Number of protein chains: 2
Amino acid sequence: MIAIGEAARQSGVGIETIRYYEREGIVPRPARAANNRRLYSAQDVGRLRFLKRCRDLGFSLGDAKALLDLSEGGAADCAEVSALAKGHMDSVRRKIAELQRLEAALGELTANCAEGSVDCPMLGRLRMA
Amino acid sequence: MIAIGEAARQSGVGIETIRYYEREGIVPRPARAANNRRLYSAQDVGRLRFLKRCRDLGFSLGDAKALLDLSEGGAADCAEVSALAKGHMDSVRRKIAELQRLEAALGELTANCAEGSVDCPMLGRLRMA
DNA sequence: GCTTGATCCTGTAGTGGCTACAGGATTTAT
DNA sequence: ATAAATCCTGTAGCCACTACAGGATCAAGC
């Protein structure tokens, strides 16, 4: 059993974030030492690492918790998992498309905006009626 | 001079958002009618539309305000504008790259996760030590 | 035993950029 | 006269943390 700082080091999840996850009920309350300090087991650290991986993959905290629950609950239902993952992939793809649209629009907008023009063409276009 | 609802309609910025912009000092305080209701000029609506365009292009509210200030302040300094825009484009490109990395990682993770496997391979990989 | 510094605790507030009320006043249309 | 729309101020909620304040405890060195 290790203290919260060590759990943070081993899992990659920040100390304050670990306490936040506990407050929010994302992870169960850990054991406590006689001095009231939190004590984490290897399984606790595993949960935190799992959550970290999900968050790094862009899953919302809610989805990450859902995946964690699926992972803990005996029958790891592949269908539910892949539904969540597919939904997330769709939203990632939508975001990519949106950003590419933005990139193109910004490119157009700044195209004539290099020389020290007195009346900046980009501002002009942003002002357009 | 029009009321806030009409200004919202003409600019595409929501009523609550307009009041928020005012509170935050993004736009100047508008005129007031005798009954204390806000009154917007065509120029006010132009500012709101300008901000809306910037936000739609993904600029932060701070950057949007900076662009608005540049646009208002006589000498529309093209260099400053294009520096802001280029910085933003860079961050958009970084976000795209990051999301594409995510998309690939998600694709790999879910690759074997279609059949009704008892031990979902995606969860297994998320659990990996 | 004493000091120093690291670590831990609880609780609260701030971030960005809105959005959604509550609770009331006024205006406009019927 | 009444109903519905619009407006006002002020506050709280959203996401997922992050950053304190103010204190308690612990470990290491002297």
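These values consider heavy atoms only, across backbone and side chains, with no hydrogens, waters or symmetry-generated copies. Residue numbering restarts at 1 for every chain, and letters A, B, ... go by the order of the sequence lines. What you are looking at is a predicted structure, and each value in this text was computed from that prediction instead of being measured.
Between I18(B) atom CD1 and dG17(C) atom C1' the separation is 15 Å, expressed in whole Å. The separation between I26(B) atom CD1 and dG16(C) atom C1' is 11 Å, rounded to whole Å. Distance, N35(B) CG to dT28(C) C1': 13 Å, rounded to whole Å. One can place CG of L39(A) at 11 Å from P of dC8(C), the figure rounded to the nearest angstrom. The distance from atom CD1 of I4(B) to atom C1' of dT6(D) is 11 Å, rounded to the nearest whole Å. Distance, E6(A) CD to dC26(D) C1': 16 Å, rounded to whole Å. Atom-to-atom, CD of E24(B) to C1' of dT15(C) comes out at 12 Å; the value is rounded to the nearest Å. Distance, K65(B) NZ to dG16(C) P: 15 Å, rounded to whole Å.
For the pair R37(A) and R23(A), nearest-nucleotide mapping onto DNA chain D gives the more 5' position to R23(A). Comparing A3(A) and G14(B), the nucleotide of DNA chain C nearest to each residue sits closer to the 5' end for A3(A).
Contact between the side-chain N/O atoms of T17(B) and the OP1/OP2 oxygens of dT19(C) is found at a separation under 4.0 Å. For the pair Y20(A) and dC15(D), the criterion of a side-chain N or O lying under 4.0 Å from OP1 or OP2 is not met. Of the side-chain N and O atoms in R19(A), one or more sit less than 4.0 angstrom from OP1 or OP2 of dC9(C). Of the side-chain N and O atoms in R38(B), none sit less than 4.0 angstrom from OP1 or OP2 of dC7(D).
Within the 4.0 angstrom heavy-atom criterion, no nucleotide atom of any strand lies near F59(A).
With distances taken from any side-chain atom of R32(A) to the nucleotides dT9(D), dT10(C), dT19(C), the minimum falls on dT10(C). Comparing dC8(C), dA16(D), dG11(C) by their closest approach to the side chain of E16(A) singles out dG11(C). The nucleotide whose nearest atom lies closest to any side-chain atom of N36(A) is, among dT6(D), dT10(C), dA19(D), dT10(C). Comparing dT10(C), dA16(D), dC18(C) against the side chain of R55(B) picks out dC18(C) as the nearest. The side chain of R9(B) has dT6(D) as its nearest neighbour among dT6(D), dC17(D), dC20(D).
Under a 4.0 Å N-O distance rule, the pair K95(B)/E98(B) does not qualify as a salt bridge. Using a 4.0 Å cut-off between a side-chain N of Lys or Arg and a carboxylate O of Asp or Glu, R47(A) and E72(A) qualify as a salt bridge. Under the 4.0 Å criterion applied to side-chain N and carboxylate O atoms, D56(B) and K52(B) are assigned as salt-bridge partners.
Counting heavy atoms of neighbouring residues, nucleotides and ligands inside a 6.0 Å radius, atom CZ of R29(B) does not exceed 12 of them.
Y40(B) is linked by a ring pair (Phe, Tyr, Trp, His ring centres under 6.0 Å) to nothing, counting only residues two or more places apart in sequence or in another chain.
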